[in-house]
Amino acid sequence: RNKTLQMEKIKTRLKAEFEALESEERHLKEYKQEMDLLLQEKMAHVEELRLIHADINVMENTIKQSENDLNKLLESTRRLHDEYKPLKEHVDALRMTLGLQRLPDLCEEEEKLSLDYFEKQKAEWQTEPQEPPIPESLAAAAAAAQQLQVARKQDTRQTATFRQQPPPMK
């Protein structure tokens, strides 16, 4: 009788342990699924950052090209200004000999045609905007994500091919 009672107690404990085991297995599976989703979300953000950096590079190149174009236009404008000045002085001298008033200067006709105006504009568009510093935590996260991405590419055993859309930006 004592052995039967002992066997029943062990059987009850065994059932309880088995239920706890199944419950913990379900929890572990859920945890792993959540981890996979978080890793996918992180990689989506890493890709988003990569695309932003690519856009920044394109904009930097566009800005450089635009600055070069502006420099060429500024030089062309300066040359035209230099050609105009002696011609105007000559025309004004001829007009004075004929008793006519001299013609108004370019800057009197329109302020924008003054060389000072061009130099001021050049100073304004040549000041490059500074890229805001990346907070340390974001920089560290980006570096860690990049290392993880490299490690994942090297791990050919990975068979899961989950694709999750990145969450909408807030």
Side-chain angles (χ1 to χ4, degrees), residues 31-170:
Y31 300 152
K32 287 182 176 182
Q33 288 173 342
E34 184 64 25
M35 178 63 96
D36 285 342
L37 291 174
L38 288 170
L39 288 171
Q40 290 174 40
E41 183 178 352
K42 181 180 82 170
M43 294 314 292
H45 287 294
V46 167
E47 177 62 13
E48 193 174 354
L49 282 174
R50 188 192 66 73
L51 291 172
I52 290 170
H53 282 285
D55 289 347
I56 288 171
N57 288 337
V58 167
M59 285 308 300
E60 285 174 344
N61 290 333
T62 303
I63 288 169
K64 284 179 187 174
Q65 183 60 49
S66 181
E67 286 175 348
N68 287 338
D69 293 347
L70 277 170
N71 275 330
K72 289 176 186 172
L73 287 168
L74 182 62
E75 285 306 312
S76 171
T77 304
R78 185 173 284 130
R79 277 194 309 277
L80 285 172
H81 215 278
D82 290 346
E83 287 179 37
Y84 177 83
K85 191 176 179 180
L87 287 174
K88 181 179 181 316
E89 288 173 0
H90 181 70
V91 168
D92 282 345
L94 290 174
R95 288 178 63 92
M96 287 182 76
T97 59
L98 296 172
L100 300 172
Q101 289 186 341
R102 65 177 195 78
L103 294 172
D105 288 331
L106 283 176
C107 60
E108 291 172 10
E109 289 182 27
E110 191 167 340
E111 181 187 347
K112 290 181 182 179
L113 295 178
S114 155
L115 272 182
D116 293 340
Y117 176 83
F118 295 118
E119 291 302 323
K120 180 182 169 212
Q121 292 300 100
K122 182 179 179 182
E124 285 179 15
W125 56 258
Q126 279 188 333
T127 57
E128 293 187 22
Q130 296 296 316
E131 187 174 326
I134 299 175
E136 266 186 50
S137 58
L138 280 180
Q146 196 169 18
Q147 287 175 347
L148 179 65
Q149 190 174 18
V150 168
R152 280 185 156 201
K153 284 181 181 176
Q154 292 171 349
D155 185 7
T156 57
R157 295 169 297 163
Q158 185 178 1
T159 57
T161 55
F162 296 105
R163 294 288 178 246
Q164 179 185 10
Q165 293 295 324
M169 298 298 286
K170 293 183 180 181

Look only at the side chain of Thr62 and the backbone of Val58, and say whether a donor-acceptor pair between them is shorter than 3.5 Å.
yes

Output the distance between atom [atom1] ([X]) and atom [atom2] ([Y]), rounded to the nearest 0.5 Å.
| X | Y | atom1 | atom2 | value |
| --- | --- | --- | --- | --- |
| Asn57 | Ile52 | CG | CD1 | 12.5 Å |
| Leu103 | Lys88 | CG | NZ | 5.5 Å |
| Leu49 | His53 | CG | NE2 | 5.5 Å |
| Arg79 | Leu74 | CZ | CG | 10.0 Å |
| Asp92 | Leu87 | CG | CG | 11.0 Å |
| Tyr31 | Leu38 | OH | CG | 13.5 Å |

Are Asp36 and Lys32 ion-paired here, with the side-chain N under 4.0 Å from a carboxylate O?
no

Short N-O contact, Lys64 and Glu67, less than 4.0 angstrom
no

Is the shortest heavy-atom distance from the side chain of [X] to the side chain of [Y] under 4.5 Å?
| X | Y | result |
| --- | --- | --- |
| His90 | Leu94 | yes |
| Gln65 | Asp69 | yes |
| Glu60 | Ile56 | yes |

Between Glu75 and Lys72, does the salt bridge (Lys or Arg N to Asp or Glu O under 4.0 Å) criterion hold? Intermediate values first, please.
CA-CA 5 Å; Glu75 285 306 312; Lys72 289 176 186 172; over 6 Å; no

